[in-house]
Amino acid sequence: MTESPKPPETRSTADEEEISMLDLAIVLAKHKKLILGLPFVVAVMAAGYSLTLPNIYTANTKILSPQKSQSAASAMLAQLGGGIAGLVGGAVSNPNGVYVAMLKSRTVADNLIQRFGLMKHWNIDSKHTSVAYNRLAGVTNITLGKDTLIVIDVEDEDPKRAADLANAYVDELVKLTSVLAVTEASHRRLFFERQFALAKENLAKAEAAARQALQTGGLVKVDEQGRAMVEAAASLRGQITVKEVQIGAMRTFAADNNPDLRLAQQEIESMKRELDKIEGAGAGRVSTNDPVAQGGDSLRLLRDVKYHEVIFDMLARQYELAKIDEAKDSSIIQILDKAIEPDQKSKPKRSQIVLLSAFAAFFLGIIVAFFRSGMDKAKVDPKQARRLIDLKRYLAWK
């Protein structure tokens, strides 16, 4: 019997892996000076570079986010109805994001740049203010934490200036909130300030008209009954004015068939009918040459003065309450942690720079070692050598 030929001997997978690992070790050992020397050189250079970097200090301050509070003016407005309260109290329900935006605003940046002379400190030309804005934004980090704290971090080479800048941000925020309507109380104050100014102007006009009529002899003595009618009419007109403001506010969110809106309209119609009865119909059509007609003119002038006095007094009280509430709201911006001079630098982290540079150089050395090994093998293999020549030709710029 003839024996069948034996298959050629094949290397096991374990042998191939062993040879492959051995080849890798040979490549690494062959270029050990590059792999170990390059990280050492780079680490020395990185250490030298890091020593040239100035120390940077970070100061931070934390402020409590303003909280909403029920004010005296809010409670009084609630008695007038939800419409007018919603009109003057339509502030941002959660102003925390608004305060962060205000801290990052150009207005605050302008004040800080001028206050600390940062243009001169950073050697920036006065024509390039945008460079100063970017520089200030680069050294400042303002964040709103999950715990509703606003954190302000400022970096600078001078620890004292870093702390002063961080605290100055809070000062500028307080100043800015005093002139901008951000909180609910600020909206109320702004609303009543405008209405109060208008009422003051109208009262001055009514008083001037009455004074002029008195000087020209156009006013006659009004009896007690007429004066009572004037006061009643003025009171009703004032109530009608308040109700009209309320209805105007309710129309911004209520449909025409809203029960509260209909009720308010019925109330104002009832008050207008009562006002017509008090004032009387056709009194204004009497000739002014008649003493009786002059008495009617006197009543109208006194009625106008009394009406504007009622509106003026009501708005004056509301305006004062709004200013008090705004002052309370402004005090809600409280500093939890005031910035102090940091006693330790925050960067540069020189050891981290050196280690990262050395690791990067180490891996780069390994890559270069295998690349060189591949190039050496390509030169020995005629086929790979031709490809290498083609590669060099294609890479040439000429």
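Fair warning: this is a prediction, and the values are worked out from it, not measured in the lab.
Linking Ile, Leu, Val, Met, Phe, Trp and Tyr residues whenever their side-chain heavy atoms come within less than 4.5 Å places Ile113 and Phe116 in a single cluster. When the side chains of ILVMFWY residues are joined at heavy-atom separations under 4.5 Å, either directly or via intervening members, Ile335 and Val108 end up in a single hydrophobic cluster. Linking ILVMFWY side-chain heavy atoms closer than 4.5 Å, directly or via other members, places Leu356 and Leu364 in two distinct hydrophobic clusters. Ile63 and Ile340 sit in two unconnected hydrophobic clusters of ILVMFWY residues. Membership requires side-chain heavy atoms under 4.5 Å apart, directly or through other members. Note on Leu165 and Val100: same hydrophobic cluster, where clusters join Ile, Leu, Val, Met, Phe, Trp and Tyr whose side-chain heavy atoms are under 4.5 Å apart, directly or indirectly.
Inter-residue side-chain proximity for Leu198 and Arg194 is flagged as unmet; no heavy-atom pair is nearer than 4.5 Å. With contacts defined as side-chain heavy-atom distances shorter than 4.5 Å, the pair Pro348/Asn55 qualifies.
Judged as a side-chain contact (heavy atoms from CB on, under 4.5 Å), and not counting sequence neighbours, the contacts of Val42 are Leu38, Ser357, Ala361. Residues passing the side chain to side chain donor-acceptor pair (under 3.5 Å) test with Glu309: none are found, sequence neighbours excluded. The side chain to side chain donor-acceptor pair (under 3.5 Å) check on Thr107 picks up nothing, with sequence neighbours excluded. Residues passing the side-chain contact (heavy atoms from CB on, under 4.5 Å) test with Glu320, sequence neighbours excluded: Lys323. Under the salt bridge (Lys or Arg N to Asp or Glu O under 4.0 Å) criterion, Asp164 pairs with Lys160, not counting sequence neighbours. Residues meeting the salt bridge (Lys or Arg N to Asp or Glu O under 4.0 Å) test with Glu155, sequence neighbours left out: Lys347. With sequence neighbours excluded, the residues satisfying side-chain contact (heavy atoms from CB on, under 4.5 Å) with Ala162 are Ala59, Asp156. With sequence neighbours excluded, no residue satisfies salt bridge (Lys or Arg N to Asp or Glu O under 4.0 Å) with Glu341. Remark: Arg350 engages no residue in a salt bridge (Lys or Arg N to Asp or Glu O under 4.0 Å) (not counting sequence neighbours). With sequence neighbours left out, Arg317 forms a side-chain contact (heavy atoms from CB on, under 4.5 Å) with Asp313, Met314.
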Which donor-acceptor pairs under 3.5 Å do side chains of residues 122-143 form with protein atoms, sequence neighbours excluded?
{"residue": "Asp125", "atom": "OD1", "partner": "Lys127", "partner atom": "N", "Å": "2.8"}
{"residue": "Tyr133", "atom": "OH", "partner": "Asp110", "partner atom": "OD1", "Å": "2.3"}
{"residue": "Tyr133", "atom": "OH", "partner": "Asp110", "partner atom": "OD2", "Å": "3.4"}
{"residue": "Asn134", "atom": "ND2", "partner": "Ser130", "partner atom": "O", "Å": "3.2"}
{"residue": "Thr140", "atom": "OG1", "partner": "Leu136", "partner atom": "O", "Å": "2.8"}
{"residue": "Thr140", "atom": "OG1", "partner": "Tyr169", "partner atom": "OH", "Å": "3.2"}

Side-chain donor-acceptor pairs of residues 27-36 under 3.5 Å, sequence neighbours excluded:
{"residue": "His31", "atom": "ND1", "partner": "Val27", "partner atom": "O", "Å": "3.1"}

Check against side-chain contact (heavy atoms from CB on, under 4.5 Å), Met119 and Gln114: CA-CA 8 Å; Met119 297 284 289; Gln114 183 177 2; over 6 Å; no
Stepwise side-chain contact (heavy atoms from CB on, under 4.5 Å) check, Ile353 with Leu53: CA-CA 11 Å; Ile353 293 175; Leu53 298 176; 4.2 Å; yes
Chi angles and distances behind the side-chain contact (heavy atoms from CB on, under 4.5 Å) call for Thr58, Val154: CA-CA 6 Å; Thr58 301; Val154 179; over 6 Å; no
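In this structure, the side chain of Ser105 engages the main chain of Met102 through a donor-acceptor pair within 3.5 Å. Side-chain atoms of Ser50 come within 3.5 Å of backbone atoms of Ala46 as a donor-acceptor pair (strictly under, hydrogens ignored). With hydrogens and angles ignored, the 3.5 Å screen pairs no side-chain donor or acceptor of Lys205 with any backbone N or O of Ala208.
Between Lys62 and Asn60, the shortest heavy-atom contact is CE-OD1, 4.1 Å. In terms of heavy atoms, Asp337 sits closest to Thr61 at O-OG1, 2.7 Å. Closest approach of Pro342 to Tyr57, counting heavy atoms only: CG-CB, 3.5 Å.
Expressed to the nearest 0.5 Å, how far CD1 of Ile26 lies from CG of Leu22 amounts to 4.0 Å.
Phe370 CZ: more than 12 foreign heavy atoms inside a 6.0 Å radius. Heavy-atom neighbours of Lys345 NZ from other residues, nucleotides or ligands within 6.0 Å: above the threshold of 12.
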